[in-house]
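It should be emphasised that the depicted structure is a prediction, and the values quoted were computed from it without experimental measurement. Residue numbering restarts at 1 for every chain, and letters A, B, ... go by the order of the sequence lines.
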There are 2 protein chains.
Amino acid sequence: MTRSLSDTNCCLVSQPDAGPGARRAAERSEPQALALKLWTVLARAYASVLAHSQADIARHGLTPGEFAVLEVLYHKGPLLLRDIQRKILVSSGGITFLVDSLEKRGLVERRECKEDRRARYAALTPEGERFIAGVFEEHATAIERAVSGLDVDDRRVAIDLLKRLGHHAASLPRPGEGETG
Amino acid sequence: MTRSLSDTNCCLVSQPDAGPGARRAAERSEPQALALKLWTVLARAYASVLAHSQADIARHGLTPGEFAVLEVLYHKGPLLLRDIQRKILVSSGGITFLVDSLEKRGLVERRECKEDRRARYAALTPEGERFIAGVFEEHATAIERAVSGLDVDDRRVAIDLLKRLGHHAASLPRPGEGETG
DNA sequence: GATAAAACCCTCAGTACTGAGATATTGTTC
DNA sequence: GAACAATATCTCAGTACTGAGGGTTTTATC
């Protein structure tokens, strides 16, 4: 495996059941305590499901980044590199690197963009299409198993809550953005 | 910033509103479609809140790993390296690396463990304690702001759902674990 | 009490990226 | 239509780790 659970090692703790944290928690307002708790369980739930996702991806010799590129091309068809970059949230160097390595493996090819000669498309090759089709179906099964702790009604409620949580956080400027000091 | 949103670039897409994905989604069972959707919005919500968390952490010149170590020591008191390692989910080399660098900065110190001479404690120095106290209070505010898309009742529901989701996923063997081929 | 197995930490080569800067092309303003 | 800003990709040095292997100490079994 290429990357581990430490992808998520950020603010996973703060469960003040013992130690100095127990005293500090008592001084915290309830909304803030719930906010910290929510972030903790969100990170832990994400880490637990991610472990399943990555274990499945690693079985096929893919890094998470490579899988993400193949998956987005599989679902959306040929895309400009910058659109892939924004969808899977990698750096500019990262998308070049990922498409390079998938191109070397014959799963993806670059195509020119006639409307904008700065830009390039990435598209699945027939071999890449066949490959990701199989990998993705197995992956869907692995994910369904990983989230089987919630039944379909719970899943619907969770989807609604997480959507609102995510959209709102994404719409807020991040700490340190656009400040002077 | 040291690590980016690509920490989460795994299965972020699969929103089959357009492209080849739209047709494939129609063939998928509803529970599985909900499972994939849940994983997608979980990953996106996590990424969005993480961006706030990391931006705040980076302002203080800390990596996510360093912050995680300071935070766990702040909340739990002195801990054996292996206990920190398990709580923040880093590799064995990673915890040595992180404690090394925090020790060089004078924020953490190693202490001997008399009951088990293989093991070592890590503990905050007085300077480290002062430092993380300030950083953590700011951090709590940043997190509360990041999750402000949900009110306190929603937070309670989300916490319950995510706990169940996470615990169940963590209890399941991961794909490829303990197989023969 | 000797032997083997396990647990803890450290070392270090390897890795999947990041992000600042370079190059090429496109849009915009005067 | 020239100058300038903006955008898309690529380059490459740097990084925060990973994970296999090794030394030391502890635990379990005979």
I'd like a table of atom pairs between the protein and nucleotides 6-10 of chain C - only N or O on both sides, under 3.5 Å - with the distance next to each one.
unit_1: C:dA7; atom_1: O4'; unit_2: B:Arg118; atom_2: NH1; d: 3.3
unit_1: C:dA7; atom_1: N3; unit_2: B:Arg118; atom_2: NH1; d: 2.9
unit_1: C:dC8; atom_1: OP1; unit_2: B:Arg82; atom_2: NE; d: 2.2
unit_1: C:dC8; atom_1: OP2; unit_2: B:Arg86; atom_2: NH2; d: 3.3
unit_1: C:dC9; atom_1: OP1; unit_2: B:Leu81; atom_2: N; d: 3.1
unit_1: C:dC9; atom_1: OP1; unit_2: B:Arg120; atom_2: N; d: 3.4
unit_1: C:dC9; atom_1: OP1; unit_2: B:Arg120; atom_2: O; d: 3.3
unit_1: C:dC9; atom_1: OP2; unit_2: B:Arg82; atom_2: N; d: 2.7
unit_1: C:dC10; atom_1: OP1; unit_2: B:Arg110; atom_2: NE; d: 2.9
unit_1: C:dC10; atom_1: OP1; unit_2: B:Arg110; atom_2: NH2; d: 3.3
unit_1: C:dC10; atom_1: OP2; unit_2: B:Thr96; atom_2: OG1; d: 3.0
unit_1: C:dC10; atom_1: OP2; unit_2: B:Arg110; atom_2: NH2; d: 3.3
unit_1: C:dC10; atom_1: N4; unit_2: B:Ser92; atom_2: OG; d: 3.0

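- Residue B:Glu66 contributes atom CD, which lies 13 Å from atom P of D:dT15 at whole-angstrom precision.
- Between the CG atom of B:Leu102 and the P atom of D:dC17 there is a distance of 10 Å, given to the nearest Å.
- Using a distance-only test at 3.5 Å, with no hydrogens or angles considered, no donor-acceptor pair links the side chain of A:His52 to the main chain of B:Pro175.
- Contacts classified as side chain to side chain donor-acceptor pair (under 3.5 Å) and involving residues 117-127 of chain A (residues at least two apart or in different chains) are given here: A:Asp116-A:Arg118.
- Here D:dA8 presents its P atom at 14 Å from CD of A:Glu115, a figure rounded to the nearest Å.
- End-to-end axis angle for the helix from C:dG1-D:dC30 to C:dC30-D:dG1, using five pairs per end and rounding to 10°, comes out at 30°.
- Partners of B:Arg164 under the side chain to side chain contact (heavy atoms under 4.5 Å, CB included) rule, at least two apart in sequence or in another chain, are A:Leu150, A:Asp154, B:Asp160, B:Leu161.
- In this structure, B:Leu62 atom CG and D:dT15 atom P are separated by 16 Å, rounded to whole Å.
- Judged as a salt bridge (charged side-chain N to carboxylate O under 4.0 Å, His left out), the pairs with a partner in residues 91-101 of chain A (not counting sequence neighbours) are, in order, A:Asp100-A:Arg110.
- Atom CG in B:Leu50 sits about 15 Å away from atom C1' in C:dT18, given to the nearest Å.
- Taking both residues in full, the closest heavy atoms of A:Val108 and A:Leu124 are given as CG2-CD2, 4.1 Å, listed atom of the first, atom of the second, then distance.
- Partners of A:Glu30 according to the salt bridge (charged side-chain N to carboxylate O under 4.0 Å, His left out) rule, which considers only residues two or more places apart in sequence or in another chain, are B:Arg156.
- Closest approach of A:Ala119 and A:Cys113 over heavy atoms only: O-CB, 3.6 Å.
- Nucleotide D:dT25 holds its P atom 13 Å from the CD atom of B:Glu112, rounded to whole Å.
- Relative ring orientation between A:His60 and A:Phe131 is described as perpendicular, the plane-to-plane angle rising above 60° on a 0-90° scale split at 30° and 60°.
- Ring geometry for B:Tyr74 against B:Phe136 counts as tilted: the plane angle lies between 30° and 60°, on a 0 to 90° scale.
- Between the CG atom of B:Leu98 and the C1' atom of D:dA16 there is a distance of 8 Å, rounded to whole Å.
- The NZ atom of A:Lys87 sits 14 Å away from the P atom of D:dA8 (whole-angstrom rounding).
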